[in-house]
Amino acid sequence: MRLIIMGPPGAGKGTQAKFVADHFKIPAISTGDIFRANVTKGTELGVKAKEYMDAGDYVPDEVTNLMVRDRIDEPDAESGFLLDGYPRTLAQVEELDGMITFTGHKLDAVLVLTVDQDEIVERLLQRSEVEGRADDTEDVIRKRQELYVEQTEPLIEVYRARGILIELDGMGEVDEVTQRIFDALDVWPQS
Ligand code: ADP
């Protein structure tokens with residue numbers, strides 16, 4: 001099973017990704033989490049990514065692509081994976097296509113969580129109090145939302161055209177959203 005979960009910042013991708021990945025016994029691969037872990041450890045990758053992340057910008061494609069390629073080459077991702085936060089640009093879509101085709105597999109489905117952007121700012125500001133993420137200030141959140149609309153939303157049409165898009169309402173309680181995802185996936189033809 002090869003899945004992508006998409007949605008604007010704060011849509012709850014990471015939360016839902018874990019449930020879905022556990023269900024299919026595949027790793028949930030979050031590019032944001034990998035970047036943050038590298039920033040914390042002070043690795044070369046972390047140093048490269050930090051300034052972009054703090055400003056709410058996307059890390060350059062060549063950095064992100066290499067990182068994802070390495071991660072999905074790991075043995076635990078051999079039977080599948082759920083990507084959270086990747087691809088985020090059309091160039092990343094192409095890269096990912098190449099990576100998946102190379103292994104002789106295909107992408108099964110792309111989940112998109114739809115949310116109210118204004119309500120999400122509140123959610124993210126609350127999260128910043130709990131998690132203390134450097135990029136959860138109001139200005140940076142707005143920047144990330146703009147970038148999402150500009151660079152990432154166009155991906156939805158690409159995947160819709162391929163017939164693998166599953167759009168879901170991401171508002172409501174966490175378990176309501178989880179239920180919607182499972183309902184949608186169960187009716188999906190699985191390979
Ligand atoms: P969000 O809640 O904003 O979706 P993430 O945790 O997914 O946050 O990502 C945090 C930051 O990591 C992004 O704002 C960006 O700087 C960087 N990042 C994550 N994934 C990518 C990607 N695929 N391409 C470029 N930058 C990325």
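Hydrogens, waters and symmetry mates play no part in the numbers below; they use all other heavy atoms, side chains included. In each ligand, atom 1 is the first atom listed, and ligand 1 is the first ligand listed.
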Legend entry - Within 6.0 Å of CD in E94, more than 12 heavy atoms from elsewhere: no
Inset, instruction - Would you mind listing every salt bridge (charged side-chain N to carboxylate O under 4.0 Å, His left out) that reaches into residues 113-126, with sequence neighbours excluded? - result: D118-R142
Legend entry - Electrostatic pair D76-K25, nearest N-O below 4.0 angstrom: no
Legend entry - Residue pair K143, E146: steps toward the salt bridge (Lys or Arg N to Asp or Glu O under 4.0 Å) verdict: CA-CA 5 Å; K143 173 76 191 288; E146 276 169 31; over 6 Å; no
Inset, instruction - Report yes if some heavy atom in the side chain of I29 is under 4.5 Å from a heavy atom in the side chain of V68; otherwise report no. - result: no
Please give the N or O to N or O pairs under 3.5 Å between ligand 1 and the protein, distances rounded to 0.1 Å.
residue: ligand 1; atom: 2 (O); partner: R144; partner atom: NH2; Å: 3.3
residue: ligand 1; atom: 3 (O); partner: R144; partner atom: NE; Å: 2.9
residue: ligand 1; atom: 3 (O); partner: R144; partner atom: NH2; Å: 2.8
residue: ligand 1; atom: 4 (O); partner: K13; partner atom: NZ; Å: 3.1
residue: ligand 1; atom: 4 (O); partner: R88; partner atom: NH2; Å: 2.8
residue: ligand 1; atom: 6 (O); partner: R36; partner atom: NH1; Å: 2.9
residue: ligand 1; atom: 6 (O); partner: R36; partner atom: NH2; Å: 2.9
residue: ligand 1; atom: 6 (O); partner: R133; partner atom: NH1; Å: 3.4
residue: ligand 1; atom: 7 (O); partner: R88; partner atom: NH1; Å: 3.4
residue: ligand 1; atom: 7 (O); partner: R88; partner atom: NH2; Å: 3.2
residue: ligand 1; atom: 8 (O); partner: R133; partner atom: NH2; Å: 3.3
residue: ligand 1; atom: 16 (O); partner: D57; partner atom: O; Å: 2.6
residue: ligand 1; atom: 20 (N); partner: T31; partner atom: OG1; Å: 2.7
residue: ligand 1; atom: 20 (N); partner: G85; partner atom: O; Å: 3.3
residue: ligand 1; atom: 20 (N); partner: R88; partner atom: NH1; Å: 2.8
residue: ligand 1; atom: 23 (N); partner: G85; partner atom: O; Å: 2.8
residue: ligand 1; atom: 23 (N); partner: Q92; partner atom: OE1; Å: 3.0
residue: ligand 1; atom: 24 (N); partner: Q92; partner atom: NE2; Å: 2.9
residue: ligand 1; atom: 26 (N); partner: V59; partner atom: N; Å: 3.0

Legend entry - Salt bridge flag under 4.0 Å for residues K106 and D108: yes
